[in-house]
There are 2 protein chains.
Amino acid sequence: MKDVAASAGVSLGTVSNVLNKPAAVSAATRERVERAMAELGFVRNESARQLRAGTSRTLAYVMLDGGNPFFHDVARGIESGAEDADLSLFICNSDGRAAREAKHLDRLVQQRVQGILITPVDPSASHLREIGRRGIPLVMVDRLGGTGDCCSVAVDDVLGGRIAIEHLTDRGHERVAFVGGPESIGQVRERLLGARQVWSELGRDAADLIHLPTEALTVAEGRGAGERLAGLPARRRPTAVFCANDLLALGLLQQATAIGMRVPEDLAIVGYDDIEFAAAAAVPLTSVRQPREELGRTAARLVLAEAGDPAHRHEQACFVPELVARASTAAVRHPARKR
Amino acid sequence: MKDVAASAGVSLGTVSNVLNKPAAVSAATRERVERAMAELGFVRNESARQLRAGTSRTLAYVMLDGGNPFFHDVARGIESGAEDADLSLFICNSDGRAAREAKHLDRLVQQRVQGILITPVDPSASHLREIGRRGIPLVMVDRLGGTGDCCSVAVDDVLGGRIAIEHLTDRGHERVAFVGGPESIGQVRERLLGARQVWSELGRDAADLIHLPTEALTVAEGRGAGERLAGLPARRRPTAVFCANDLLALGLLQQATAIGMRVPEDLAIVGYDDIEFAAAAAVPLTSVRQPREELGRTAARLVLAEAGDPAHRHEQACFVPELVARASTAAVRHPARKR
DNA sequence: TTGTAGGCGTTATCAG
DNA sequence: CTGATAACGCCTACAA
C-alpha cells in the first residue's frame, strides 16, 4: 500500500480509504490510486487485515467422514452460506478420529476463524466446550446439541426411522431387518428407535424386526451385512432391509446382486441420506432424504448470527426428513411372502 | 504473549523463545512459562505469525468437480503431504466454472498461501500464469503442463485408453464404444486417442470403435449414453463400452440394468479412475486406476520443493495407470457375439 | 540465558 | 477530502 500511495502520489491513508470506503475519496484520486494498484499488481495482504481485525474472514467445517458424499453436500451448503457473507470456508476431515479432530480444532483456533461448524466424533467431548469458552461460535451439524450449550442443526432421525419402516410395511413387508451400527452413533440409535416405534405401534412382533449390527457405516460393512442376511434360514430371512445410511445400502445391494438375489423382488432396500450415488445405483435406491445443503446453509446462518451478536441465544434447528421412493422398494406383483 | 510473560515473570522474548527455540531456555523458566500459557489459555495468533513471516502455513487445492470422489481422493493425498510439512490444506471447488476458479485464486493470493495445487478448468488460462508471476508456486494436478512453465502431475491417459481397449479385445469383444466428452477436456481426447491407437494397431475396422459423445462426465450423461446405445440396431450395437470416467460408467450400468441388459453378458463396461463407488457398484466395475492419492502426495511434494528453492526447475511427473478387472468385464461362457 | 527494539501490512483516529 | 500516526501480535536480531 505504501508503494501504491507513492506511485499514485497520495498518502497511505488515502489508499486505505479507496479500499475500504471508496465513497470518501474523490473520483479523480480514486481512479489514480486504482490505476497504480493495477500497475503494481497490488493484492491486499489478508493476514495483515486479520491481525488488525482480530478475526479472520473464514468459517471452518470439520466433517466426520470425507469418504461419505453426504458430508460434502453439507459442506456445499455451508459454503453457499459463507459466500453470501463473503467469507471463505475451510474444510477439514476428522475421519472419525478424535485426535485428528482435536488437531484440526487447534489449528482453527490459531487461525482465529470466525466460526466453526462441526459434525463431531463425540458430541460431548471436552475440546468442543473449550472452543465455546474461547468465544468462537460453534455449531454442531447433524447432531442435536442436547445440552443446549451451543447451536445445532439436525434432522429428526427418529422420524426418519419411522417413515422408512412405514414405507416398507405399506409395501407389504412383514419381516424387516435394520442394518447399522455401532450404536455409539446417535443417529444409528435414533433411526433404529423410530423403526421400532412404528413396528410396535402396528402391533407387529418385535422378533420380525431384526437388527443386523455393523461396525461402521461403510460399503464394506453393508456387504458383510448382506452375507449374514443371506446366511439366515429362508423362513427367518427378512424380505426388506432398512439401512442406517446409503453406503451400507449400496454394499448390501452389491452383495445381494452377487448372490443372485433380485432387488426388490427378493429383497427390498431402503437407504438413508439420499446421496447422489443412491439414485445412481444399478437399482435406484429408495432413501430417506436429509436436506443436506439446507442443513449446511442453516448452520452457516446460525454461526454467523452468533458471531454477530454477543447476546446470542443458542438455537437448535431440526429438519424433517422425507422418503424418496425408487425402484429398490417398488411394488412387486407377487410380494415375496411365501405364505 | 505479553500477558503470559507478565504472568510468568519473564520478558516477552523469553516467551517467544519457549515457543520457537525451547532449547535456548532453561528448563525451569520454560516450565514456568508453559504453565502460564496453560493457565491463561494462550493460543498463538496465526495471522500475526503470517504477517511476520510473509507467508501462511497453508497449501491450497482448487478442484475441478466436488461431486466427483476422484478429486477428493487426490485431495486426501495432498493433505497427507501437507501434513508431513506441518501445513494446512485449504480446499476449494471451482465446479468447472472459470469465474469461480478465478475468485478462489484471488482469495488464495490474498491469503499468501505457500503454494497452489489446481486441476484447472482451462490449463492455458491467463490467471494461472498470473499466479506464477506473483511468485506463488503452482502445480497442475491431473493435467500435463505441456508448456513446462509450471510443475505438473498427471497420469498417462493415452496409455490408460490403450489398456482399457486391450483388456476388452482380450476378452473377445469386436465392437466397442467409447463414451465420453466433451472433447475440450484433454483427458477425454487422450483416452480416446489411446483407444483408437490400439484399435488400429490390432488391424480392426475403425467403424467398429464408435464414439458416443457426452456433454459432461456425469452419471446423468452416462445414463443418456446408455439410452442411445440401446437405440442402436442390434447388428451395430457394441458388446462392450469404455467410459471416460467412472461416473459415466455408473450411469451406463444403471441404464443397462433398467432396460434389462445384463452386465457383462450383454454389455461389458470399463470405467476410468477406479473411484470407490466403481468397486461398490451392484456389478463391480472394471476400471482404469489412477494412483489418486499418490498424485496428490507428489503434487504436494513438488509445490513444497518449488517453495523452498528459488532456483527450482519445473518438473512434470507422469504416472502409469493400471487396469483393475472386476465383474463388469468378466469372461462370459457365450460371448455376446451373435455373428 | 534473558531482555529490548523494530517492523511485517492494514486499519482507525484525528488533526489539518 | 487528505495525511500522519498508533496499534494489532509475533519474531528476530542484538545487546546485556
Side-chain angles (χ1 to χ4, degrees), chain A residues 1-37 40-58 86-88 106-114 134-136, chain B residues 1-37 40-58 86 106-114 134-136:
Chain A
M1 275 170 65
K2 213 163 54 182
D3 294 347
V4 172
S7 158
V10 300
S11 85
L12 215 166
T14 302
V15 177
S16 171
N17 280 339
V18 169
L19 254 18
N20 302 301
K21 18 180 148 164
V25 182
S26 76
T29 345
R30 188 177 30 190
E31 198 181 324
R32 207 143 36 87
V33 171
E34 277 165 353
R35 191 156 40 234
M37 294 200 297
L40 279 86
F42 167 80
V43 178
R44 260 161 133 120
N45 182 320
E46 186 62 25
S47 28
R49 296 186 78 187
Q50 282 180 27
L51 177 57
R52 189 63 190 20
T55 172
S56 82
R57 312 185 43 70
T58 306
D86 199 36
L87 298 176
S88 308
D106 221 61
R107 268 208 237 273
L108 297 176
V109 175
Q110 290 184 196
Q111 317 241 44
R112 304 292 193 271
V113 293
Q114 283 221 348
R134 278 247 143 51
I136 300 182
Chain B
M1 275 171 64
K2 212 162 57 182
D3 294 348
V4 172
S7 157
V10 298
S11 85
L12 215 164
T14 302
V15 177
S16 171
N17 282 337
V18 170
L19 253 19
N20 302 302
K21 18 179 145 165
V25 182
S26 75
T29 354
R30 188 177 30 190
E31 197 181 327
R32 207 141 38 86
V33 171
E34 277 165 353
R35 191 156 40 235
M37 294 200 298
L40 276 71
F42 168 81
V43 177
R44 256 161 135 120
N45 182 320
E46 186 63 24
S47 31
R49 296 186 78 188
Q50 282 181 27
L51 177 57
R52 185 71 216 319
T55 173
S56 82
R57 311 187 44 70
T58 304
D86 200 36
D106 220 60
R107 268 209 238 274
L108 297 175
V109 176
Q110 290 185 195
Q111 316 241 40
R112 303 292 192 272
V113 292
Q114 283 221 349
R134 277 247 142 52
I136 300 182

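The model shown is predicted, which means the values in this text are computed figures rather than measured ones. Every chain is numbered from 1 and lettered A, B, ... according to where its sequence line falls, protein lines coming before strand lines.
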Once you round it to whole Å, what is the distance between [atom2] of [N] and [atom1] of [X]?
{"X": "B/Arg52", "N": "D/dA13", "atom1": "CZ", "atom2": "P", "value": "8 Å"}
{"X": "A/Gln110", "N": "D/dC10", "atom1": "CD", "atom2": "C1'", "value": "13 Å"}
{"X": "A/Asn45", "N": "C/dT11", "atom1": "CG", "atom2": "C1'", "value": "13 Å"}
{"X": "B/Lys2", "N": "C/dA5", "atom1": "NZ", "atom2": "P", "value": "14 Å"}
{"X": "B/Arg57", "N": "D/dC10", "atom1": "CZ", "atom2": "C1'", "value": "14 Å"}
{"X": "A/Gln111", "N": "D/dC10", "atom1": "CD", "atom2": "P", "value": "14 Å"}

Position toward the 5' end of DNA chain D (nearest nucleotide), A/Ala53 or B/Arg49 =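 It is A/Ala53 whose nearest nucleotide is closer to the 5' end.
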query = Mind checking whether B/Gln50 and A/Gln50 have side chains closer than 4.5 Å, heavy atoms only?
reply = no
task = Check every strand shown and say whether B/Met1 touches a base, only sugar-phosphate, or nothing at a heavy-atom separation below 4.0 Å.
result =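 Sugar-phosphate only.
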request  = For A/Val43, report the nucleic acid contact type (base, sugar-phosphate, nothing); a contact means any heavy atom under 4.0 Å.
outcome  = sugar-phosphate
ask   = Which distance, rounded to the nearest 0.5 Å, do you find between the CD of B/Gln111 and the OG1 of B/Thr58?
value = 7.5 Å
Is it true that a side-chain atom of [X] and a backbone atom of [Y] form a donor plus acceptor pair closer than 3.5 Å?
{"X": "A/Arg44", "Y": "B/Gln110", "result": "no"}
{"X": "A/Arg30", "Y": "A/Val18", "result": "no"}
{"X": "B/Arg112", "Y": "B/Gly54", "result": "no"}

query = Between D/dC11, C/dG9, C/dG3, which nucleotide gets closest to the side-chain atoms of A/Ala48?
reply = C/dG9
request  = Identify which nucleotide among D/dT2, D/dC8, D/dG9 has an atom closest to any side-chain atom of A/Ser26, counting heavy atoms from C-beta outward.
outcome  = D/dT2
ask   = Among B/Thr14, B/Val10, B/Val33, which residue meets the side-chain contact (heavy atoms from CB on, under 4.5 Å) test with B/Val25?
value = B/Thr14
message = Could you report the tightest heavy-atom contact between A/Leu40 and A/Ser7, atom names first, then the distance?
response = CD1-OG, 3.7 Å
Give a yes/no on whether any side-chain N or O of [X] is located under 4.0 angstrom from OP1 or OP2 of [N].
{"X": "B/Arg30", "N": "C/dT1", "answer": "no"}
{"X": "B/Arg44", "N": "D/dC11", "answer": "yes"}
{"X": "A/Thr29", "N": "D/dT2", "answer": "yes"}

note = Ranking B/Leu51 and B/Val25 by the position along DNA chain C of their nearest nucleotide, the one closer to 5' is B/Val25
key: Nucleic acid contacts - residues 11-24 of chain A versus DNA chain C, non-hydrogen atoms under 4.0 Å   = A/Leu12, A/Ser16, A/Asn20
